[in-house]
Amino acid sequence: MGDEYVDGKCKIMSACSSAKLFLFMVPLLVVSGFVFVNIGPKNPTSFLTSLSTNQISPPLPSYPSLPPAAPSPSPPTSSLSTKAESIQGNYNRTIQLNPINIASTSSNVSSTASLKLMKKRVISNLKKIEFELQKARVAIKAASINDPLDDPDYVPLGPMYWNAKAFHRSYLEMEKQFKIFVYKEGEPPLFHDGPCKSIYSMEGNFIYEMETDTRFRTNNPEKAHAFYLPLSVVKMVRYVYERDSHDFSPIRKTVRDYIDLVGDKYPYWNRSIGADHFILSCHDWASFSHPHLGQNSIRALCNANTSERFKPRKDVSIPEINLLTGSLKGLVGGPSPSSRPILAFFAGGVHGPVRPVLLQHWENKDSDIRVHKYLPKGTSYSDTMRNSKFCICPSGYEVASPRIVEALYSGCVPVLINSGYVPPFSDVLNWPSFSVIVSVEDIPNLKTILTSISPRQYLRMYRRVLKVRRHFEVNSPAKRFDVFHMILHSIWVRRLNVRIREV
């Protein structure tokens, strides 16, 4: 990875200002708990109870089932002993709530009086937290049959949402009570730091907002609903990974040591075997560095690929946003549909399994479908995107592409071509209502598919793009319903899908 991807930093971000490398070693974790995970019914569809009363649009294309997970490394005998089954759910089409039960009990381990008091206090607070979350679940479920709520900033309405009223109530419940504890351990650049001016800008921007946020962050872990592990995989690639070695073990060891550190210092990781903890990263290279991180924890990832063990019920798909300047200046906006003479456009490198097929069929072969490996001299990428009705967004080495957000910013209807990709915020957003989803096999029929969309339907999709792009905009400071808050809401919903109980 070149330095151009990681050097940019937020101007006012103190967490992104240090260049000091912090490497540490921690002892093996010694745990005093025994945890069971009760998954519930075996039928995947019974994990979730839909809040939609009517199907708004045709169902999303089916995605391949996850392959059997590779065996996770067994923890040492002195570490946490668990019984945890894999969680597999169908593709989420709305906010759906039927929480997994995680039961926690104490083992026969002697401890000091102060440790016992701390555990009792943790248990008491856990009951209170779960009671608050249950009230939120009830309110969200009731929202589907109630009148829409007033909101001074924005009221979600329209077919862009699977269930607008449930989403709005869930968002308000999140604003009212969601609290996150950010672990203070670790030092920049590997922790509490991240790129803010690159294709992986979401890592740095999210860390910055969490470090400076006072509304959702709590300094009291006993009041937290979720726990954030503030690591940056991009920074680890730069400082820990040996370039071109294809050996990710140093990254995995760094993450594993960090989890062991906070697990040894605090009771919260072991209490839920990581189910109420989350990481955020564009890559999932560190996800399975710890036995329970990939299996139980919430992973907010750009590379939301179901064929690579991404679980839509548990994990969060986040957008890949390329912020070369660290701001949206000059990126958002475009002409009206009548001033967009180009039917469809793509320009980009040839990598991954999809793009070679696209270029084989369409490169420089049709004036309406403008597909280029390299743009003609004097042609502006952003201007061509703004002059196009549809912007083709094929996957590359990974399923995510920054072109999806670039298209939304430009008012261009995105055309998603990939396999196994879960688009961002799919539990809330009805992507087929404002994008075109094309299978790899249908690439030869791309022009037929796009020209079959009537002018009236295209106008509807265009207007919906303009409405939903607020959910993908990066603001500093963050604004309600923007990308930072949408990521938080996705994490909030995943936390609602888990119930931690004492036995």
Side-chain angles (χ1 to χ4, degrees), residues 37 39 44 47-48 60 62-70 72 84-100 102 162 170 174 178 180 200 202-203 206 210 225-233 252 255 259 269 272-320 395 398-400 404 418-429 431 483-484 486-499:
V37 178
I39 300 299
F47 286 150
L48 308 175
L60 295 179
S62 60
Y63 291 94
S65 301
L66 298 180
S72 298
E85 302 173 25
S86 62
I87 303 166
Q88 169 95 29
N90 280 354
Y91 186 86
N92 283 347
R93 286 191 289 146
T94 186
I95 302 171
Q96 304 171 348
L97 304 173
N98 188 9
I100 304 159
I102 295 183
W162 290 114
S170 177
M174 175 192 75
F178 194 31
I180 298 171
Y200 308 120
M202 285 315 304
E203 278 192 19
F206 187 84
M210 284 308 308
H225 303 92
F227 299 81
Y228 177 36
L229 303 167
L231 57 89
S232 170
V233 173
R252 296 186 180 116
V255 175
I259 292 176
W269 173 272
S272 67
I273 52 176
D276 54 359
H277 287 56
F278 71 93
I279 62 170
L280 184 140
S281 170
C282 272
H283 301 292
D284 59 351
W285 297 333
S287 297
F288 293 90
S289 55
H290 187 281
H292 306 301
L293 180 61
Q295 185 68 22
N296 300 329
S297 299
I298 301 166
R299 302 178 303 152
L301 302 173
C302 296
N303 188 35
N305 190 345
T306 58
S307 67
E308 296 179 4
R309 296 187 286 185
F310 181 89
K311 303 174 183 179
R313 169 180 168 72
K314 178 186 73 69
D315 299 325
V316 172
S317 175
I318 65 173
E320 191 170 86
S395 60
E398 296 185 342
V399 291
I404 298 173
N418 45 58
S419 178
Y421 180 49
V422 180
F425 319 133
S426 294
D427 47 359
V428 168
L429 297 181
W431 278 84
V483 67
F484 170 72
M486 290 297 290
I487 292 173
L488 278 187
H489 179 262
S490 295
I491 295 168
W492 158 252
V493 171
R494 270 64 179 182
R495 179 60 181 90
L496 289 175
N497 280 340
V498 174
R499 180 184 289 119

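In what follows, every heavy atom counts, from backbone to side chain, and hydrogens, waters and symmetry copies are set aside.
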- Query: What are the two closest heavy atoms between T306 and P312, and how far apart are they?
  - Reply: CG2-CG, 4.3 Å
- Smallest heavy-atom separation, A400 atom then E320 atom, equals O-OE1, 4.0 Å
- Task: List in chain and number order the residues that pass side-chain contact (heavy atoms from CB on, under 4.5 Å) with S297, two or more places apart in sequence or in another chain; answer none if no residue qualifies.
- Result: W269, H277, L293
- Take M174 and V493 through the side-chain contact (heavy atoms from CB on, under 4.5 Å) test and state the conclusion after the steps. CA-CA 9 Å; M174 175 192 75; V493 171; over 6 Å; no
- Item | Side-chain heavy-atom pair Q295, I273 within 4.5 angstrom cut-off | no
- Item | Side-chain heavy atoms of F425 within contact of P319, under 4.5 Å | yes
- Backbone of G294 reached by a side-chain donor or acceptor of K314 within 3.5 Å: yes
- salt bridge (Lys or Arg N to Asp or Glu O under 4.0 Å) partners of residues 285-295, not counting sequence neighbours, each pair once: none
- Query: Where do R495 and F278 land on the side-chain contact (heavy atoms from CB on, under 4.5 Å) test, with the steps shown first?
  - Reply: CA-CA 10 Å; R495 179 60 181 90; F278 71 93; over 6 Å; no
- Would you call D276 and V498 a side-chain contact if the rule is heavy atoms closer than 4.5 Å? no
- Message: As an exercise, state the distance from CZ of R499 to OG of S272, rounded to the nearest 0.5 Å.
- Response: 15.0 Å
- Item | Steps toward side-chain contact (heavy atoms from CB on, under 4.5 Å) verdict (M210, L280) | CA-CA 11 Å; M210 284 308 308; L280 184 140; over 6 Å; no
- Apply side-chain contact (heavy atoms from CB on, under 4.5 Å) to V233 and Y200, showing your working. CA-CA 10 Å; V233 173; Y200 308 120; over 6 Å; no
- Message: Suppose we screen for ring pair (Phe, Tyr, Trp, His ring centres under 6.0 Å). Which residues come up paired with F484, at least two apart in sequence or across chains?
- Response: F206
- Item | Interatomic spacing from CG in L301 to CZ in R309 - rounded to 0.5 Å | 12.0 Å
- Measuring from I298:CD1 to W492:CH2, what's the distance to the nearest 0.5 Å? 11.5 Å
- Indicate the atoms forming the closest heavy-atom contact of S281 with I318, along with that distance. O-CD1, 4.2 Å
- Taking the six-membered ring for Trp, are H290 and H292 parallel (under 30°), tilted (30 to 60°) or perpendicular (over 60°)? tilted
- Task: Could you pull out the closest heavy-atom pair between E203 and C282, with the gap in Å?
- Result: OE2-N, 3.4 Å
- Message: So which atom in S426 and which in W162 form the shortest heavy-atom distance, rounded to 0.1 Å?
- Response: O-NE1, 3.1 Å
- Applying side-chain hydrogen bond (donor to acceptor under 3.5 Å, both in side chains) to N303 and not counting sequence neighbours gives E308
- Message: I need the full list of salt bridge (Lys or Arg N to Asp or Glu O under 4.0 Å) pairs touching residues 281-300, with sequence neighbours left out, sorted by first then second residue.
- Response: R299-D315
- Query: Can you tell if the side chain of E398 reaches within under 4.5 Å of the side chain of N305, non-hydrogen atoms only?
  - Reply: no
- Query: Can you list the residues that meet the side-chain contact (heavy atoms from CB on, under 4.5 Å) rule with A304, with sequence neighbours excluded?
  - Reply: F310, S317, Y421, V422
